[in-house]
There are 2 protein chains.
Amino acid sequence: MSVNKTEPRLDRRTAILDAAEEQFAKHGYDGVTLRAIARRAGVDLALPNYYFGPKRDLFDAVLFRRAEILNKARLDQLDQCLEESDQAPSVEAIIRAYLEPMLTGEQVEEEGWKNYYALIAYVNNSPEWGGQLMTQFFDPLVYRFMDALRLALPGIEDRDLYWGYHCLSGALTLTFAQTGRIDHLSGGSCRSSDLMDACEHMVQFTTAGFEAFRKQMTADKKGRPRKGPSARR
Amino acid sequence: MSVNKTEPRLDRRTAILDAAEEQFAKHGYDGVTLRAIARRAGVDLALPNYYFGPKRDLFDAVLFRRAEILNKARLDQLDQCLEESDQAPSVEAIIRAYLEPMLTGEQVEEEGWKNYYALIAYVNNSPEWGGQLMTQFFDPLVYRFMDALRLALPGIEDRDLYWGYHCLSGALTLTFAQTGRIDHLSGGSCRSSDLMDACEHMVQFTTAGFEAFRKQMTADKKGRPRKGPSARR
DNA sequence: TCCAAAATTCAACACTTGTTGAATAAATAG
DNA sequence: CTATTTATTCAACAAGTGTTGAATTTTGGA
């Protein structure tokens, strides 16, 4: 596990990114020191700064490294699902394209990717950087998926569409946070490490959620009044 | 806004809790210094330690302060919904009992409660404390709701039940994180500050999600094979 | 009024933080 | 080999961290 002196780590730049990825994912930005990263990477304290500049830039570099790969994997599956559908794609297929590349792809075996996903969960849930960073890396992807969902649910209102995405994103985020809470609550029935099981359940759950907005929509057309903010119980 | 010397803040203990609540919610545990808390509360640096001991104990005290009140509000609505239902309660009523006290109650007007909810979002999504702290404060509540859902969805498997709760909890958590991301993505159609709107959408979405597990369940009884972990696409 | 207890301030401690410039080693080109 | 760039180490910096003990003020009951 430790670095051998006779065979020094060739790419120390990568080692630093890996260590930072893991530490940031586990303890958050402020919970991590450059010394901890350097120790974990087996390099000198000054090296992270030499390669990446100040701490904040290292954080951005970690996020950036895998962003393109991830976005491409998800867009590929979305394109494929749109091609295969003769006319309107199914909601389920779109949601699968959104979830499966992260949860059941080959990447999930790699420890680095798990840490990366946990880091995204941290960022997505952070009031400080949630807006800025997620926008920077994932906005185009999200808009592509929203367009696809508009095809699957023609006439859906933007409000329903984006609140639906909000619920989906929240479930996915909590999955990646890997708090182990569901393992504890369920007494072992659910294992948060079983990402395939998590994926299947989230697909079912969120597909039904979006479909419910479709039904709501058709109900509106028939003249049934939409449940407004003032309608409590 | 600043503290007047002739009329000193009576309960500085509360002022410290309020300031800590806000700071921890916004920047996380490690992103906050005792000096920032003291400054925000308008008290001396040494005072937080005098009242609450070390930093970590102050953090716990903040979480503890409103936990009982919140749990009582949610349990009251759950009990009421269980009483009103002649036999089996509806899934929607149970989910409303889980969400509405936090999202449409009187508390939501108070800035302190908003901060508290954001703090819970932070804790629930944190791999470090997500398990320990959420368990400590909210396990009994969750089990009460799971029991109620078992009444509404008789025969539901634990795996489905807890993954459903996972999705619900994730959506709620992301709502409270208040990252403003949905405002940005939707171009103004959705406002994350409109918690009533958020509540109605989450109720609809997650109710349909749980109901989908019910349908899945009845389909199983009819002999249709359950989608297993190995069944991709 | 006087006094003990509680509340608050003050100053400082030992330690950790991110960052950097100079010194050294390794790699590479001429 | 030599010279030059690149990579890495080392030591130290100024600033900020949580915590604490002693001193001071305020409080409230006898």
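The sequence lines fix the lettering, A, B, ..., with proteins before strands; numbering per chain opens at 1.
The ring pair (Phe, Tyr, Trp, His ring centres under 6.0 Å) analysis of residues 93-115 of chain B, with sequence neighbours excluded, yields the pairs Tyr98(B)-Phe145(B), Tyr98(B)-Tyr165(B), Trp113(B)-Tyr116(B), Trp113(B)-Tyr117(B).
Between Arg150(A) and Asp158(A) a salt bridge is recorded (basic side-chain N to carboxylate O distance below 4.0 Å).
Contact between Glu21(B) and Asn115(B) at its shortest, heavy atoms only, is CG-CB, 4.0 Å. Minimum interatomic distance between Phe205(A) and Phe210(B) (heavy atoms only, all atoms of both residues): CE1-N, 3.5 Å.
Atom CZ of Phe138(B) sits about 5.5 Å away from atom CG of Leu70(B), to the nearest 0.5 Å. Taking CE of Met102(A) as the reference point, atom OG1 of Thr175(A) lies at 10.0 Å (rounded to 0.5 Å).
Of the residues in residues 44-53 of chain B, those placing a heavy atom less than 4.0 Å from an atom of DNA chain D are Leu45(B), Ala46(B), Asn49(B), in numerical order. Looking at residues 19-28 of chain B, you'll see that no heavy atom sits under 4.0 Å from any atom of DNA chain D.
Atom CZ in Arg39(A) sits roughly 17 Å away from atom C1' in dT9(D) (whole-Å rounding). Rounded to whole angstrom, the span from the CG atom of Asp11(A) across to the P atom of dT6(D) amounts to 17 Å. The separation between Ile16(A) atom CD1 and dT19(C) atom P is 14 Å, rounded to whole Å. Taking atom CZ on Arg56(A) and atom C1' on dT17(C), their separation rounds to 18 Å, with Å as the unit. If you take CZ of Phe59(A) and C1' of dG18(C), they are 16 Å apart, rounded to a whole angstrom. Taking atom NZ of residue Lys55(A) and atom P of nucleotide dT16(C), one finds them 16 Å apart after rounding to whole Å.
Two residues, Arg35(B) and Val43(A), neighbour DNA chain D, and the one matched to the more 5' nucleotide by heavy-atom proximity is Val43(A).
A cation-pi arrangement is not found for Lys55(A) relative to Phe24(A), the charged atom failing to lie both closer than 6.0 Å to the ring centre and inside a 45° cone about the ring normal.
With no hydrogens or angles considered, no side-chain donor-acceptor pair links Asn125(B) and Thr173(B) at under 3.5 Å.
Ring-plane geometry between Trp129(A) and Tyr122(A) is classed as perpendicular, the angle between the planes exceeding 60 degrees on a 0 to 90 degree scale with a lower cut at 30.
Side-chain N/O atoms of Arg12(A) include none lying less than 4.0 angstrom from OP1 or OP2 on dA26(C).
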